[in-house]
Amino acid sequence: MASDGFTTCLWFDGQAEEAAHFYVSIFKNSSVGKIARYPEGAPQPAGSVMTVEFTANGHRFLGLNGGPEFKFSEAVSFMIFCENQEEIDYYWTRLAENGGEPGPCGWLKDRYGVSWQVVPDRLDEMITDPDPAKAARVTQAFMAMGKFDIAALEKAYAGE
């Protein structure tokens, strides 16, 4: 097995380079790397971007301009664990801007159709609490939310 981790390949329809720059602008520890172009006789126009390597938040990606055959779905999403409301607000706003779609329970789709979950660090601790009443209150609270509200979740957890 590879010892240097995984690279996630994201299939785009012509927007791989644009998407790479978008993600790099949002996350720390990010950069755009090598760009490969389609040669003559390839299934896409010669000279257009075939792949773009990029790192977002330390995670390696390869953006592939493969054409319109495949689309992103909620079956795969990227989770962003946030320490505070400021982080949740930042990622939620940035990822949803310019055509993104807010969803329920901390989920959203960005303008490219990639699904994200923007969640508080403590959510797992709260919903797996040994006290089933606490866990149930938090679950009921977040099921009614779009973007997570940490203060409201903490109140539900405390029984307020």
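We're numbering straight along the sequence, starting at 1.
When side chains are defined from C-beta on, Leu95 counts as touching Ile80, because their heavy atoms get closer than 4.5 Å. Counting only heavy atoms from C-beta outward, the side chains of Thr55 and Phe27 never approach each other to under 4.5 Å. Between Asp149 and Gln85 the shortest side-chain heavy-atom distance falls below 4.5 Å. Taking the side chain as every heavy atom from C-beta outward, Glu18 and Tyr112 approach each other to under 4.5 Å. At least one side-chain heavy atom of Cys105 sits under 4.5 Å from a side-chain heavy atom of Met143.
Hydrophobic clustering, defined by side-chain heavy atoms of Ile, Leu, Val, Met, Phe, Trp and Tyr closer than 4.5 Å, leaves Leu62 isolated from every other such residue. Trp107 belongs to no multi-residue hydrophobic cluster, having no ILVMFWY side-chain contact under 4.5 Å with any other such residue.
Between Asp89 atom CG and Cys82 atom SG the span is 9.0 Å, to the nearest 0.5 Å. Between the CH2 atom of Trp92 and the CH2 atom of Trp116 there is a distance of 13.0 Å, given to the nearest 0.5 Å.
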For a quick test of your reading: what N or O donor-acceptor pairs under 3.5 Å do the side chains of residues 33-44 make, sequence neighbours left out?
unit_1 : atom_1 : unit_2 : atom_2 : d
Arg37  : NH1    : Gly47  : O      : 3.1
Tyr38  : OH     : Asn65  : O      : 2.6

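Shown here are the ring-ring contact (aromatic ring centres under 6.0 Å, His included) partners of Phe61, two or more places apart in sequence or in another chain: Phe54, His59, Phe78. Considering only residues two or more places apart in sequence or on other chains, Ala135 meets the side chain to side chain contact (heavy atoms under 4.5 Å, CB included) condition with none of them. By the side chain to side chain contact (heavy atoms under 4.5 Å, CB included) test, Glu160 is found to be paired with Lys155, Ala158, residues two or more places apart in sequence or in another chain being considered. With sequence neighbours left out, the ring-ring contact (aromatic ring centres under 6.0 Å, His included) criterion links Tyr90 to no other residue. In this structure Phe81 satisfies the side chain to side chain contact (heavy atoms under 4.5 Å, CB included) test together with Met79, Val119, Asp121, sequence neighbours excluded.
With Ser30 contributing its side chain and Lys28 its backbone, the two residues share a donor-acceptor pair below 3.5 Å. The main-chain N or O of Leu64 is never found under 3.5 Å from a side-chain atom of Thr51 such that the two would form a donor-acceptor pair.
Every pair passing salt bridge (charged side-chain N to carboxylate O under 4.0 Å, His left out) that includes a residue from residues 92-101 is listed here, sequence neighbours excluded: Arg94-Glu97, Glu97-Arg111. For residues 71-83, the side-chain hydrogen bond (donor to acceptor under 3.5 Å, both in side chains) pairs, not counting sequence neighbours, are Glu74-Lys109, Ser77-Gln117. For residues 124-140, the pairs satisfying side-chain hydrogen bond (donor to acceptor under 3.5 Å, both in side chains) are Arg122-Glu125, Asp129-Tyr157, with sequence neighbours left out. A salt bridge (charged side-chain N to carboxylate O under 4.0 Å, His left out) check over residues 41-61, counting only residues at least two apart or in different chains, returns the pairs Asp4-Arg60.
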| request: Evaluate the criterion side-chain hydrogen bond (donor to acceptor under 3.5 Å, both in side chains) for residue pair Asn57 and Tyr23; output intermediate values, then yes/no. | output: CA-CA 9 Å; Asn57 201 32; Tyr23 299 132; over 6 Å; no
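The aromatic rings of Phe142 and Phe148 stand perpendicular to each other, their planes meeting at an angle above 60°, with 30° marking the opposite boundary.
Listed here is the closest heavy atom pair of Ser48 and Pro45: OG-O, 2.7 Å. The two residues Pro120 and Leu153 make their nearest non-hydrogen contact at CG-CD1, 3.8 Å.
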